[in-house]
Structures are given as C-alpha cells and as structure tokens.
Amino acid sequence: MENRSSSEAFNSSQKVVTRFAPSPTGFLHIGGARTALFNWLLARHYKGKFLLRIEDTDRARSTQEAVDAIFNGLKWLGLDWDEDPVFQFSRAQHHVDLAKNLVDQGKAYYCYCTPEELEAMREDAKQRGVSPKYNGMWRDRDPKTAPAGINPVIRLKAPLDGETTLHDIVQGTVIVANSQLDDMILVRSDGTPTFMLSVVVDDHDMGVTHVVRGDDHLTNTFRQIQIYNAFGWDTPKYGHIPLIHGPDGAKLSKRHGALGVEAYRDMGFLPEAVCNCLLRLGWSHGNDEIISMQQAIEWFTTDNLGKSASRLDFQKMEKLNSYYIKNADNKRLLGIIMKFQKQISDEKQQRLLLGMNGLKQRAKTTIELNDMASIYTEDYTPSVPADKAILSILKDIYDALRELSDWTEENLDHCLHVLAANKELSFGKIAQPLRAVLSGRKITPGIFEMLFAFGKDESLKRLNIALGS
RNA sequence: GUCCCCUUCGUCUAGUGGUUUAGGACAUCGCCCUCUCACGGCGACAACAGGGAUUCGAAUUCCCUAGGGGACGCCA
C-alpha cells in the first residue's frame, strides 16, 4: 500500500503549490531546469501555483548575476512563476526567531563545540565504522558551563531512537533509523540560519504543498521532517527525482552538459526542444516523444516519473530541435537569424522569408539555420566557369528563364525540366551548375525554391555574370 | 566507512504476473524518394546485471550478490 503514492498525493481539494528554489551561486543548469520544469508542469496541470524562491543565505557565494541568469533562463524556457520571488536571506531573522522559540520549548539547544572538536568527533566515528555525526555533547549540558568567548550554534534536539518515515511520491516509502541522524545545526554561530531550517520555514510559510527536487536531497528530507515535527507542522508531499548524469554516466560536470540554459540557446537550441528533451528525461507518457508544452501540462503527473538516473543525449536533443525548427513560424526564425547577423536589408529579409521553408528543414540548430541563411543574405558574385559545356548549359538556362513570365516554383520546375528533356540531359546536369551560380555552394535548398526566393532579376543577374557578360 | 536510492537495446524509455517471438524514439547500417544536402518512407541491428526463491506461469513479487549513484558541512 505504501508504494508509489502517485496521484493519491493530489486527490485532496487542497490547491497545489509547488516551488523552484535554486541557490544563486551559478547559472541555471540543465538539472535545475528540469526540476523547475517538473514543478511548473505540476502546478499548471493542477491549476495551482508555481513559486520561485532564491536561496541566497550563503552570502559569500550568492551573486546578482546568478539571480539574473536564473530569471532569464526560466523566462527563456517559458517557465513563468506566480507571485514575486522570495529571497530567502530577507527572511533570516524570522528563521532565527523561530529557532529560538524551539530552544525555549526545549526542542533545540545551544552547542558550544568548536570546529576542531567536531572534526575529531567525525574522525572518531569513522574509525569506529559508524555514521559520522555530532555526538550530542551539549544536548543536555547546562549552558552555564559554556566556555567563555564562544558563540554557540543552535542545534535541533532530534529524536535519539525510533525511525523517520518518508512517503515519497517517486521513491516510495523510505525509512531511516533516527540513530543515523544527528542534532543538525539550525542557526550558525554567526547568527544566520542554515539551509535546513530556512527551507522548512519558507516552504511552510509559502504554503508549498508539493516539493519535487533532485534525489541528492533525499537524505536531507529526513532531517527536514524532524524540523517540521519540532514545529508541529505538516510536511509537504515530497518527490525525489534521480539526477541527470553526463554522457559517461558520472555526475554532470561543466565539460558535458552542466551548462547554463543560455548556453543551449547559444548552441542553437530552441527552448521548446530543450523542454521536450528534459521532459523525457525521467518522465514518459507511453511511447510519445514529441510533446508540446500544452500537451505536457495536460499529461504531466508524478505517476510516470522514473526512479533511475538518466543521461543527457545531445543527438536526441538535436533531433528534437530539428523537428521544432522545421515546424517553427518563419517570421520567428527570421527574428532568430537577425540576432546572429548584424543587418539584413528589407529585400534580403524578404528573400529569407521566401526561402525559409527550404532552410528550416535542413537545420538541426539555429546556428546551422543561420549558416545556410547566408545563401540569401550574402552578395555572392559567381565566377565564369572554365568548362565550355557548362557554360553552354548556363546559356541555355539563361535563355529559358528569361522567357519565363510567371516566376513561380511550379513554372520554374516545368521550364527547367523541359529544357533538360530537350537537351537530353539528366536534370542534375542542369541543377548542379545552376546551384553553383546562384549560391556558390554544392549543398543548398532545392533549386526552384532558390530561384523563386532570389526572384527573376537577381537570378538572371547572377547567371549573366557567370556567362561573362 | 555508515546510511539511502537505482539497474530493460549504445542512449532515453514502454512494460505494474499470462495479450510479449520484450514495443517506441535517438544513434548506427541498408534500401526507397531525389536537382545536391537534408526531410520523409521502409527495413535491419540491438536489452530485461547475475544468482536463488514464490508461482501452473516473472522484465514484472521477495531475498542475496555485483555494479552505478547520492548523502553523511556552522554549502545549498
């Protein structure tokens, strides 16, 4: 019965409130983005709220740049949040006050141990082959015996025996013996609250009902449950999802994938492709692969979350990306190209728009799209071919095209095929030289599409130059 | 070291005791389409970590082993 509680966890009439709580010590990396996506999807699916909390209590490592990167990353992915973001540090005093209440109630206590003493404790525990933890030496000691000149920390008076049970939405029921856990620090000796305390208080105060996060937090959860118990609060429902690993199966590193989401944008990925790819990492809906955000909102529940770690597959992400590029609006793609290229004249923008259908089905990334787009934006001057036969073919093409009044792809197709038939040439013999004259390249979109996009004047002009006149 | 989690094709996964000769997608390799390159279509290759147990029957339940990952901070 205590397997995956799955959607049972959502049956109550209570409104679903999820959150994403990154610490602003770096960019929004791919793992964080997936966590955000899942929480966002959950909130949108149940028509609840998706909140954002910046966990900036580590003053030394938190930066404004990172905060901006996180905001921008989420926006780029299309993950909008409800209400103003909560900055955890601004609530520090409140967290500390609550911890002191716990001390007053005898549920927490001051500890005067030095870092050296703690280090010795851990060493000793390791020697004895037990879990390295604080030994509770100040748990029941009279503070009056405290050494002078030491600022104490506040520790939770955690239960010494029994066990703490977590009914995880993803992992199922997990039980840990309380003897494995120690009296965690709630308030540091400098008077600032720890992550463990702040998370609990903020999730409670923000009314968070469901926490989906990486399973590196799984063991923290038992400690947090003990804090909830000390306060007498109900815990949210937890779902711990497996981490994303690098291509080599090891923890994601900067070398392979732990990049900021903006890096994916710069590599030429569309946000919906990144989301789709992330969605399929650890979540599935039967055999469906291409899933729009709209569809994802409809389908996403915690029922189909996987329990095992996965790796990011760039090739699959590229395939997904090429699909989304192929199906993207041409004006939108033009806008993306215009961010790559400094200035594109109105005439060339028009060309680009006419030729976009052919470009976009050949691009795996927007970078490739932009590379190919230069066929239409560069001022290419063809040279005169040395081969007489080719020259002759070009002359025939020129003559045929000059007579064409209605410049449509269909007519161009017909006109050039008739020419090939009349000259008893395979169509390739006509298309390849023409392709070179028009674009200077061997690989391009279809020849009729290019002629159409360039227009009659420009097409004939390039042919004319190639003919040496 | 202690505790926790995980283990289906190379990768992402479907699969919740019989409908499965284990399905799909990416990658790879063929073929078709074809004005190049793509796209698209068709097909091939390819997996239940190992061992026990339960059962008429197990990828699916239980146990053990192995491998991988995570946590053990006055970081979050």
Side-chain angles (χ1 to χ4, degrees), chain A residues 3-4 21-25 55-58 60-62 88 111 113 115 118-119 122 125-133 151-155 166 168 170-172 174-177 179-182 184-190 192 194-196 198-199 214-220 222 240 242-243 245 247 249-251 277 280-290 304 306-320 322-323 326 358-364 368 372 413 416-417 420 426-432 434-436 439 441-448:
Chain A
N3 298 334
R4 306 266 307 257
S23 56
T25 53
E55 309 217 316
D56 55 352
T57 51
D58 185 338
R61 295 199 299 152
S62 298
Q88 192 159 62
C111 165
C113 283
L118 296 174
E119 188 50 41
R122 275 192 284 271
K126 275 192 180 175
Q127 296 285 325
R128 300 204 325 269
V130 296
S131 182
K133 53 175 203 160
N151 292 322
V153 299
I154 296 178
R155 284 181 185 271
L166 165 65
D168 195 273
V170 176
Q171 305 289 341
V174 186
I175 299 168
V176 163
S179 58
Q180 289 295 323
L181 276 15
D182 62 3
M184 80 208 81
I185 292 175
L186 265 19
V187 177
R188 302 185 186 97
S189 55
D190 67 358
T192 58
T194 59
F195 159 77
M196 223 47 99
S198 295
V199 158
D215 70 6
D216 50 336
H217 282 286
L218 189 68
T219 49
N220 285 333
F222 296 94
H240 288 92
L243 267 16
H245 290 162
K251 200 174 180 179
C277 191
R280 288 288 290 104
L281 246 38
W283 181 85
S284 60
H285 184 272
N287 281 336
D288 293 302
E289 296 288 347
I290 306 256
N304 304 311
K307 298 173 78 169
S308 52
S310 51
R311 309 177 188 197
L312 188 61
D313 184 347
F314 272 91
Q315 287 177 315
K316 194 158 187 173
M317 186 150 79
E318 277 198 342
K319 182 70 180 183
L320 245 14
S322 72
Y323 170 85
K326 212 176 306 162
L359 296 178
K360 70 184 182 183
Q361 62 182 280
R362 288 172 170 77
K364 289 197 295 290
E368 288 183 9
M372 284 187 287
D413 187 327
L416 291 179
H417 271 100
S426 69
F427 189 73
K429 291 275 189 257
I430 287 187
Q432 277 309 83
L434 180 54
R435 187 188 317 285
S439 67
R441 301 182 184 209
K442 286 185 176 153
I443 298 170
T444 73
I447 203 79
F448 313 120

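To find a chain, count down the sequence lines: A is the first, B the second, and so on, and within it residues start at 1. On a predicted model such as this, the values are computed, not experimentally measured, just so you know.
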- Task: Name the closest nucleotide to the Q361(A) side chain, picking from G70(B), C12(B), C39(B).
- Result: C39(B)

- Task: Just call it for I185(A): base, sugar-phosphate, or nothing, with non-hydrogen atoms closer than 4.0 Å on any strand.
- Result: base

- Write down the distance separating the C1' atoms in G24(B) and U8(B), rounded off to the nearest Å. 13 Å

- Which atom names give the shortest non-hydrogen contact between L243(A) and G214(A), and what distance separates them? CD1-CA, 3.9 Å

- Query: To the nearest Å, how far apart are F314(A) CZ and C12(B) C1'?
  - Reply: 14 Å

- Message: The criterion is side-chain hydrogen bond (donor to acceptor under 3.5 Å, both in side chains); which residues satisfy it with R435(A), sequence neighbours excluded?
- Response: Q432(A), T444(A)

- Task: Measure from the side-chain heavy atoms of E289(A) and tell me the nearest of C26(B), A14(B), A25(B).
- Result: A25(B)

- Spacing between Q88(A) atom CD and C75(B) atom P, to the nearest angstrom: 13 Å

- Task: Measure from CG on D190(A) to C1' on G73(B) and round the result to the nearest Å.
- Result: 14 Å

- Message: If the cut-off is 4.0 Å, is T57(A) near the phosphate of A76(B), judged by side-chain N/O to OP1 or OP2?
- Response: yes

- Message: By nearest atom, which of the nucleotides C39(B), G24(B), G70(B) is closest to the R280(A) side chain?
- Response: G24(B)

- In Watson-Crick or G-U wobble terms, both distances under 3.5 Å, what is the partner of U7(B)? A66(B)

- Query: C1' atom, A25(B) versus G18(B): distance in rounded Å?
  - Reply: 27 Å

- Item | Same-atom distance (P) from U61(B) to U7(B), integer angstrom | 10 Å

- Task: Could you check whether Q315(A) gets within reach of a base, just the sugar-phosphate, or nothing at all, counting any heavy atom under 4.0 Å?
- Result: sugar-phosphate

Nucleotides 44-46 of chain B: which of its N/O atoms have a protein N/O under 3.5 Å away?
none

- Is the base of C74(B) touched by the side chain of S189(A) through a donor-acceptor pair closer than 3.5 angstrom? yes

- Message: Measure CD/E318(A) against C1'/C39(B) and give the value in whole Å, please.
- Response: 15 Å

- Item | Pairing residues for M196(A) by the side chain to side chain contact (heavy atoms under 4.5 Å, CB included) criterion, not counting sequence neighbours | M184(A), T194(A), N220(A), R223(A), Q224(A), I227(A)

- Message: Strictly under 4.0 angstrom, non-hydrogen atoms only: write out the protein contact profile of nucleotides 59-67 of chain B, one letter per nucleotide from the 5' end, B, S or -.
- Response: ---------

- Message: The side chain of M196(A) is closest to which nucleotide in this list: A38(B), A76(B), A25(B)?
- Response: A76(B)

- Please check the phosphate of G73(B) (OP1 and OP2 only) for any side-chain N or O of R155(A) closer than 4.0 Å. no

- Message: Applying the Watson-Crick and G-U wobble criteria at under 3.5 Å, what pairs with A27(B)? Answer none if nothing qualifies.
- Response: none

- Query: Looking across every strand, which nucleic acid part, if any, lies under 4.0 Å from K429(A) by heavy atom: base, sugar-phosphate, or nothing?
  - Reply: nothing

- Message: As a test of reading the structure: which of G23(B), G69(B), C74(B) is closest to the side chain of H245(A), going by heavy atoms?
- Response: G69(B)

- Query: Looking only at heavy atoms, what is the nearest atom pair of S310(A) and L281(A), with distance?
  - Reply: OG-CG, 3.6 Å

- Message: Does R441(A) reach a base, just sugar-phosphate, or nothing at all? Heavy atoms under 4.0 Å.
- Response: nothing

- Message: Checking S322(A) now: which residues fulfil side-chain hydrogen bond (donor to acceptor under 3.5 Å, both in side chains) with it, not counting sequence neighbours?
- Response: none

- Message: According to side chain to side chain contact (heavy atoms under 4.5 Å, CB included), who are the partners of E119(A), at least two apart in sequence or on a separate chain?
- Response: R122(A), E123(A)

- Sorted by chain and number, sequence neighbours left out, side chain to side chain contact (heavy atoms under 4.5 Å, CB included) with S179(A) holds for A177(A)

- Message: Counting C-beta onward and ignoring hydrogens, is there a side-chain heavy-atom pair between D215(A) and D168(A) closer than 4.5 Å?
- Response: no

- Message: Which residues pass the salt bridge (Lys or Arg N to Asp or Glu O under 4.0 Å) test with K316(A), not counting sequence neighbours?
- Response: E289(A)

- Message: Does G73(B) have OP1 or OP2 under 4.0 Å away from a side-chain N or O of R122(A)?
- Response: yes

- If you look at every strand shown and take non-hydrogen atoms under 4.0 Å, does S426(A) touch a base, only sugar-phosphate, or nothing? nothing

- With a non-hydrogen cut-off below 4.0 angstrom, is N220(A) in contact with a base, only sugar-phosphate, or nothing? base

- Watson-Crick/G-U partner (both atom distances under 3.5 Å) of G40(B): C32(B)

- Item | Qualifying residues under side-chain hydrogen bond (donor to acceptor under 3.5 Å, both in side chains), relative to E55(A), sequence neighbours excluded | R53(A), Q88(A)

- Message: Any heavy-atom pair between the side chains of H240(A) and V174(A) that's under 4.5 Å?
- Response: no

- Message: Could you tell me how far apart L281(A) (CG) and A25(B) (P) are, to the nearest whole angstrom?
- Response: 18 Å

- Looking at every strand, decide which applies to S310(A) at a 4.0 Å heavy-atom threshold: base, sugar-phosphate, or nothing. sugar-phosphate

- Task: Starting from P on C9(B), measure out to CG on D313(A) and report it in whole angstrom.
- Result: 14 Å

- Message: Mind checking if C113(A) touches a base, just sugar-phosphate, or nothing, with heavy atoms under 4.0 Å?
- Response: base

- Has K133(A) got more than 12 heavy atoms of other residues, nucleotides or ligands less than 6.0 Å from its NZ? yes

- Item | Span that lies between the P atom of C42(B) and that of A71(B), in whole angstrom | 45 Å

- Message: Counting the atoms with a prime plus P, OP1 and OP2 as sugar-phosphate, which does H285(A) contact under 4.0 Å by heavy atoms, base, sugar-phosphate, or nothing?
- Response: nothing

- For residues V170(A) and G306(A), report the shortest heavy-atom separation together with the two atoms involved. CG1-O, 3.7 Å

- Task: For G358(A), answer base if it contacts any base atom (sugar-phosphate contacts may also be present), sugar-phosphate if it contacts only those atoms, and nothing otherwise; contact means non-hydrogen atoms under 4.0 Å.
- Result: nothing

Kindly give the atom pairs (protein nitrogen or oxygen, nucleotide nitrogen or oxygen) under 3.5 Å for nucleotides 32-36 of chain B.
from: C35(B); atom 1: O2'; to: R435(A); atom 2: NH2; distance (Å): 3.0
from: C35(B); atom 1: O2; to: R435(A); atom 2: NH2; distance (Å): 2.5
from: C35(B); atom 1: N3; to: I447(A); atom 2: N; distance (Å): 3.2
from: U36(B); atom 1: O4'; to: Q432(A); atom 2: OE1; distance (Å): 3.3
from: U36(B); atom 1: O2'; to: K442(A); atom 2: O; distance (Å): 3.4
from: U36(B); atom 1: N1; to: R435(A); atom 2: NH2; distance (Å): 3.4
from: U36(B); atom 1: O2; to: K442(A); atom 2: O; distance (Å): 3.1
from: U36(B); atom 1: O2; to: T444(A); atom 2: N; distance (Å): 3.0
from: U36(B); atom 1: O2; to: T444(A); atom 2: O; distance (Å): 3.3
from: U36(B); atom 1: N3; to: R435(A); atom 2: NH1; distance (Å): 3.1
from: U36(B); atom 1: N3; to: T444(A); atom 2: O; distance (Å): 2.6
from: U36(B); atom 1: O4; to: R362(A); atom 2: NH2; distance (Å): 3.3
from: U36(B); atom 1: O4; to: G446(A); atom 2: N; distance (Å): 3.3

Enumerate the protein-to-nucleotides 3-6 of chain B contacts in which both atoms are nitrogen or oxygen and the separation is below 3.5 Å.
from: C3(B); atom 1: O4'; to: Q180(A); atom 2: OE1; distance (Å): 3.2
from: C5(B); atom 1: O3'; to: Q171(A); atom 2: OE1; distance (Å): 3.2
from: C5(B); atom 1: O2'; to: Q171(A); atom 2: OE1; distance (Å): 3.2
from: C6(B); atom 1: OP1; to: K307(A); atom 2: NZ; distance (Å): 2.7

- Query: In chain order, what residues pass the ring-ring contact (aromatic ring centres under 6.0 Å, His included) check against F195(A), with sequence neighbours excluded?
  - Reply: H217(A)

- Item | OP1 or OP2 of G40(B) under 4.0 Å from side-chain N/O of K326(A) | yes

